[in-house]
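Every chain is numbered from 1, with letters handed out A, B, ... down the list of sequences.
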There are 2 protein chains.
Amino acid sequence: MKQETRQEEIIRVAAKLFKEKGYSAVTMRDLATAMNIKAASLYNHINSKQDILESIIISIAEKFTVGMTSVLASNATCIEKLKEIIALHVEISSQNIYGMAALNHDWMHLESQLNHYKKLRSDYENDFKTILIEGVNSGEIIDIKPDVMMFSILTTLRSLYLWIPKKEDVNLKELTNNLNEILIKGVVK
Amino acid sequence: MKQETRQEEIIRVAAKLFKEKGYSAVTMRDLATAMNIKAASLYNHINSKQDILESIIISIAEKFTVGMTSVLASNATCIEKLKEIIALHVEISSQNIYGMAALNHDWMHLESQLNHYKKLRSDYENDFKTILIEGVNSGEIIDIKPDVMMFSILTTLRSLYLWIPKKEDVNLKELTNNLNEILIKGVVK
DNA sequence: CAAACAAACTAACAAGTGTTAGTTTGTTAG
DNA sequence: CTAACAAACTAACACTTGTTAGTTTGTTTG
């Protein structure tokens, strides 16, 4: 178990605060208080508030990119690929609950990395849509606008971070199975 | 067609800015610039920045409460009730795209009205869950944790504001029908 | 022991924050 | 014509913001 550096600790605590109030509403003095030090001391470990946001968002966004690459490489059916994507979101979200909040709420406050983030996101969405279109063409998936299907599934997956912490006893395996059912087969009996 | 007051205009423009950067990152000077006046002049029409946020969020939250009351009053099947809720979200979201962003992102910045908002939201979620549980009991709906079903459907519906504006040509009737299919019957053929 | 280092501190800065007070301007109603 | 009003303005306030400079403290390493 690798020891957490002071910098990593600051970034982790910052993500937690960002989830509660959003990037703009969290001051360096808030963050310092949460770390039990003075605001100026933070700068021994980090370069700027913006750098903290970048670290949080870009590292997670790249995890999704890596995950999607691996899904695309598999030669499973489209429905199987969808299930892999669902599992990917459950895994990343459960391991980065606070970071996911920053990614969803505060990406627009990125500065130098804004375009990089946007590229990663639009590539991800395009890959997702491609999988759905293949499923429609092969007859696995209903013939409804792929945009609407992607939106529907992806927004649920992107909001997992809001919900996972509420039920601490939730079994992630069970959650994944339930989402597979609901997102793919619907709720009707 | 009722003429928009200056106050309503300010609130409408504020909601637009809040969607782009969030409540905390929008300054009264930003808002004034968008209105082509000076920041101090805003205070001839509104009491405070906080008041603007309250107006936006509470008015929409109450629309949902009214809508849910009407759904509960109908004696349709649970699946039909679900479809009514979907239609409710499409309607309110399409008519309040910017306000929905504030409601989803900035509710935690409410001050005196925070508890009021939270109550409206938790009542809404409880009513939603009750409908699902009735559906499970009557055999209309699959027997999966109602919490997970509600989360899945509701997060998609709550995020509609992110997506509706992108396709200006989207037919709302068609969108509603597609969501009915996807959220209720899933995407599998 | 001495040098190096990690990590905290105090003090201060320039810029930006929401908001108030008091005033001016142009339009509408008696 | 004048009184009333809506809606803008300038100037300023007290406070908060992210950040820098320079210093102190205690621990680790040669």
Side-chain angles (χ1 to χ4, degrees), chain A residues 1-58 98 102 105-114, chain B residues 1-58 98 102 105-114:
Chain A
M1 180 128 82
K2 205 178 65 188
Q3 180 68 21
E4 188 182 44
T5 68
R6 200 80 174 114
Q7 181 183 85
E8 288 164 344
E9 192 182 353
I10 289 172
I11 292 172
R12 177 172 54 78
V13 172
K16 198 163 185 170
L17 297 184
F18 291 168
K19 188 191 175 204
E20 285 161 22
K21 310 203 297 175
Y23 174 75
S24 301
V26 174
T27 70
M28 296 304 274
R29 284 164 182 84
D30 290 339
L31 177 53
T33 301
M35 293 290 301
N36 281 312
I37 58 177
K38 301 288 170 182
S41 306
L42 293 169
Y43 289 84
N44 286 318
H45 308 284
I46 53 102
N47 291 322
S48 66
K49 189 186 181 191
Q50 174 70 199
D51 267 19
I52 297 176
L53 187 68
E54 284 180 8
S55 296
I56 296 169
I57 293 183
I58 301 296
Y98 302 119
H105 281 69
D106 291 318
W107 59 266
M108 73 284 282
H109 297 119
L110 286 173
E111 292 164 13
S112 64
Q113 297 282 31
L114 179 58
Chain B
M1 180 128 83
K2 205 179 66 189
Q3 181 67 23
E4 188 182 43
T5 68
R6 200 81 173 114
Q7 181 182 87
E8 288 164 345
E9 193 181 353
I10 289 172
I11 292 172
R12 177 173 53 78
V13 171
K16 199 164 185 169
L17 296 184
F18 291 168
K19 188 190 174 203
E20 286 161 21
K21 309 205 297 175
Y23 175 75
S24 300
V26 174
T27 70
M28 295 305 274
R29 285 163 182 85
D30 290 338
L31 178 53
T33 301
M35 292 290 299
N36 282 312
I37 59 177
K38 300 288 170 182
S41 307
L42 293 168
Y43 289 84
N44 286 318
H45 309 283
I46 53 101
N47 292 321
S48 66
K49 189 187 181 191
Q50 174 70 199
D51 267 19
I52 296 176
L53 187 68
E54 284 180 8
S55 295
I56 295 169
I57 292 183
I58 300 297
Y98 302 119
H105 281 68
D106 291 318
W107 60 266
M108 73 283 282
H109 297 119
L110 286 173
E111 291 164 13
S112 66
Q113 297 282 32
L114 179 59

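- Screening residues 3-40 of chain A for ring-ring contact (aromatic ring centres under 6.0 Å, His included) gives A/Phe18-A/Tyr23, A/Tyr23-A/His109 as the qualifying pairs, with residues at least two apart or on separate chains.
- Heavy atoms only, all atoms of each residue included: B/Ala34 and B/Val13 are closest at CB-CG1, 3.7 Å.
- Between the side chain of A/Gln50 and the backbone N or O of A/Glu111 there is at least one donor-acceptor pair closer than 3.5 Å.
- Nucleotides of DNA chain C lying under 4.0 Å from heavy atoms of chain A occupy a range whose first and last members, 5' to 3', are C/dA7 to C/dA12.
- Side-chain contact between B/Trp107 and B/Leu114: present, with at least one pair of heavy atoms (C-beta onward) separated by less than 4.5 Å.
- Among B/Ile57, B/Leu42, B/Leu31, the single residue meeting the side-chain contact (heavy atoms from CB on, under 4.5 Å) criterion with B/Ile52 is B/Leu31.
- Under the salt bridge (Lys or Arg N to Asp or Glu O under 4.0 Å) criterion, the residue pairs touching residues 20-34 of chain A are A/Lys21-A/Asp30, with sequence neighbours excluded.
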(message) Show me the dot-bracket string of DNA chain C, counting Watson-Crick or G-U pairs under 3.5 Å, with | for pairs to another strand and [ ] for crossing ones.
(response) |.||||||||||||||||||||||||||||

(request) Start with the C-alpha gap between A/His45 and A/Glu9, add the side-chain angles, then the distance that decides, and say whether side-chain contact (heavy atoms from CB on, under 4.5 Å) holds. (result) CA-CA 10 Å; A/His45 308 284; A/Glu9 192 182 353; over 6 Å; no

(request) Can you check each nucleotide of nucleotides 12-17 of chain D against protein heavy atoms at under 4.0 Å and return B for base, S for sugar-phosphate only, - for none, in 5' to 3' order? (result) B----B

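- Contact detail for A/Met108 and A/His105: the closest heavy-atom pair is SD-O, 3.0 Å.
- Contact between B/Ala25 and A/Ser24 at its shortest, heavy atoms only, is CB-OG, 3.3 Å.
- A/Asn47 meets the side chain to side chain donor-acceptor pair (under 3.5 Å) test with A/Asp51; sequence neighbours excluded.
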